[in-house]
Amino acid sequence: MLEEWAWDAAVLATFTSGPDGEPIPAELVAQMRAAEEFGKGYHTCQQMFYASLSRETHVRTYDDSDGGDDDLTTLVRARQEAYAVFPFVEGTHFHCSFGHLDGYSSGYYTYMWSKVISKDLFSAFDPDDLFASAVATRYRDRVLRAGGTKDAADLVADFLGRPYDSTAFRAWLEA
């Protein structure tokens with residue numbers, strides 16, 4: 001969530017400057033933001049493919065004793081067809097180079113889940129005034145200061161006044 005401040009022209013103007021000391025132009029920040037946002041739908045679909053593949057790899061039981069083709073390439077094809085923008089390419093074995101299948105267990109989904117939660121947290125801030133102190137103080141006190149004293153979901157709910165949901169993430173995707 002804190003990355004959002006790095007995309008705000010008013011925030012950047014407080015510590016960035018050109019060779020003559022002038023702040024970064026707001027128009028340039030807007031162009032940078034547009035470039036960052038470009039392809040977010042594709043990126044999200046791709047991440048969901050990775051997350052789905054990670055989960056399915058770890059929850060399925062593989063048994064070829066019946067002569068079936070319950071193998072990882074078949075699984076990759078199915079998950080890619082379900083989530084990815086681009087089709088499966090015959091003769092490839094993506095899972096052999098997807099390092100997150102080893103060592104992450106089935107936890108790859110947390111990349112997207114953290115994005116959902118961060119967008120929800122950020123929705124509490126005023127995008128026209130990221131320097132507003134009331135909400136920042138509430139975030140500091142209810143999330144940062146509380147730290148590991150509570151479950152993370154409870155800290156988020158304390159800050160938002162409700163359990164987190166995907167509304168802000170969906171709005172971001174549709175914008």
Side-chain angles (χ1 to χ4, degrees), residues 1-56 58-59 79 82-85 98-101 103-175:
M1 178 195 70
L2 300 178
E3 293 173 5
E4 297 290 343
W5 277 260
W7 292 106
D8 183 80
V11 171
L12 289 173
T14 66
F15 66 90
T16 61
S17 64
D20 297 325
E22 72 280 357
I24 189 169
E27 302 80 33
L28 177 59
V29 176
Q31 291 171 343
M32 292 165 38
R33 184 62 183 237
E36 170 68 14
E37 297 271 318
F38 180 78
K40 65 184 170 185
Y42 159 74
H43 175 75
T44 300
C45 287
Q46 195 68 22
Q47 290 299 308
M48 296 310 293
F49 160 54
Y50 297 155
S52 175
L53 178 61
S54 172
R55 180 190 177 280
E56 288 298 314
H58 289 87
V59 299
R79 297 295 82 207
Y83 290 99
V85 174
F98 186 41
H100 290 82
L101 292 179
Y104 274 64
S105 185
S106 62
Y108 193 88
Y109 75 94
T110 61
Y111 286 116
M112 288 308 298
W113 200 236
S114 68
K115 186 82 158 177
V116 168
I117 295 168
S118 73
K119 291 294 182 187
D120 202 11
L121 286 167
F122 187 66
S123 72
F125 291 85
D126 179 355
D128 295 324
D129 184 11
L130 292 180
F131 292 112
S133 63
V135 68
T137 300
R138 192 172 84 242
Y139 177 73
R140 181 196 65 200
D141 292 346
R142 297 190 182 170
V143 177
L144 299 178
R145 182 173 287 153
T149 63
K150 292 183 175 179
D151 185 80
D154 293 332
L155 296 175
V156 172
D158 287 349
F159 172 68
L160 293 174
R162 59 167 173 76
Y164 57 84
D165 64 41
S166 64
T167 303
F169 177 77
R170 290 173 185 264
W172 168 77
L173 268 179
E174 294 171 358

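This chain uses plain numbering: 1 for the first residue, then up along the sequence. Keep in mind that what you see is a predicted model, and the values were worked out from it rather than measured.
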Query raised in the report: Rounded to the nearest 0.5 Å, how far does OG1 of Thr137 lie from CZ of Arg142?
Result: 11.0 Å
Query raised in the report: Ser54 side chain to Tyr50 main-chain N or O, any donor-acceptor pair under 3.5 Å?
Result: no
Query raised in the report: Looking at CG of Leu155 and CD1 of Ile117, how far apart are the two atoms once the value is rounded to the nearest 0.5 Å?
Result: 11.0 Å
Report task. Kindly check if the number of other-residue, nucleotide or ligand heavy atoms within 6.0 Å of CD (Glu22) is above 12? Result -> yes
Report summary line: CH2 (Trp172) and OG (Ser123) are apart, to the nearest 0.5 Å, by 14.0 Å
Requested in this report: Evaluate whether atom CZ of Phe15 has more than 12 neighbouring non-hydrogen atoms of other residues, nucleotides or ligands under 6.0 angstrom away.
Outcome: yes
Query raised in the report: Which of these passes side chain to side chain contact (heavy atoms under 4.5 Å, CB included) with Lys150: Val143, Val156, Asp158?
Result: Asp158
Requested in this report: Decide if the gap between the ring center of Tyr108 and the ring center of Phe98 is smaller than 6.0 angstrom.
Outcome: yes
Report summary line: Ala124 and Leu160 have their tightest heavy-atom pair at CB-CD2, 4.0 Å
Report task. List the atom of Asp165, the atom of Val116, and the distance in Å for their closest heavy-atom pair. Result -> O-CG1, 3.8 Å
Query raised in the report: So how far is it from Phe49 CZ to Gln47 CD, rounded to the nearest 0.5 Å?
Result: 10.5 Å
Query raised in the report: Counting heavy atoms not belonging to Tyr109, are there more than 12 under 6.0 Å from its OH?
Result: no
Query - side chain to side chain contact (heavy atoms under 4.5 Å, CB included) evaluation trace for Leu130 with Phe122 - result: CA-CA 10 Å; Leu130 292 180; Phe122 187 66; 3.7 Å; yes
Requested in this report: Check the pair Met1, Phe125 against side chain to side chain contact (heavy atoms under 4.5 Å, CB included), reporting the backbone distance first and the verdict last.
Outcome: CA-CA 11 Å; Met1 178 195 70; Phe125 291 85; 3.8 Å; yes
Query raised in the report: Heavy-atom distance under 4.5 Å between the side chains of Leu173 and Lys119, does that happen here?
Result: no
Query - Worked verdict on Ile24 versus Val29 for side chain to side chain contact (heavy atoms under 4.5 Å, CB included) - result: CA-CA 7 Å; Ile24 189 169; Val29 176; 3.9 Å; yes
Query - Sub-4.5 Å side-chain heavy-atom contact between Met112 and Thr44 - result: yes
Query raised in the report: What distance separates His100 NE2 from Leu53 CG, expressed to the nearest 0.5 Å?
Result: 12.0 Å
Requested in this report: State, with a plain yes or no, whether a side-chain heavy atom of Glu56 is found less than 4.5 Å away from one of Val59.
Outcome: yes
**Report entry** For the student: nearest non-hydrogen atoms of Ala84 and Gln46, plus distance
**Finding:** CB-OE1, 3.9 Å
Report task. Please determine if Arg170 and Glu174 form a salt bridge, counting it only when a charged side-chain N lies under 4.0 Å from a carboxylate O. Result -> no
Query raised in the report: Rounded to the nearest 0.5 Å, what separation is found between the CZ atom of Arg33 and the CG atom of Leu28?
Result: 14.0 Å
Query raised in the report: With respect to Lys40, which candidate in Glu37, His43, Glu36 satisfies the side-chain hydrogen bond (donor to acceptor under 3.5 Å, both in side chains) definition?
Result: Glu37
Requested in this report: Verify the ring-centre separation between Trp113 and Phe169: is it less than 6.0 angstrom?
Outcome: no
Requested in this report: Could you give me the CA-CA distance, side-chain angles and deciding distance for Phe131 and Val11, then say whether side chain to side chain contact (heavy atoms under 4.5 Å, CB included) is met?
Outcome: CA-CA 8 Å; Phe131 292 112; Val11 171; 3.8 Å; yes
Query raised in the report: Does Phe159 have Arg138 sitting over its ring (NZ/CZ under 6.0 Å from centre, angle to axis within 45°)?
Result: yes
Query raised in the report: Taking the side chain from Ser52 and the backbone from Met48, do they hold a donor-acceptor pair closer than 3.5 Å?
Result: no
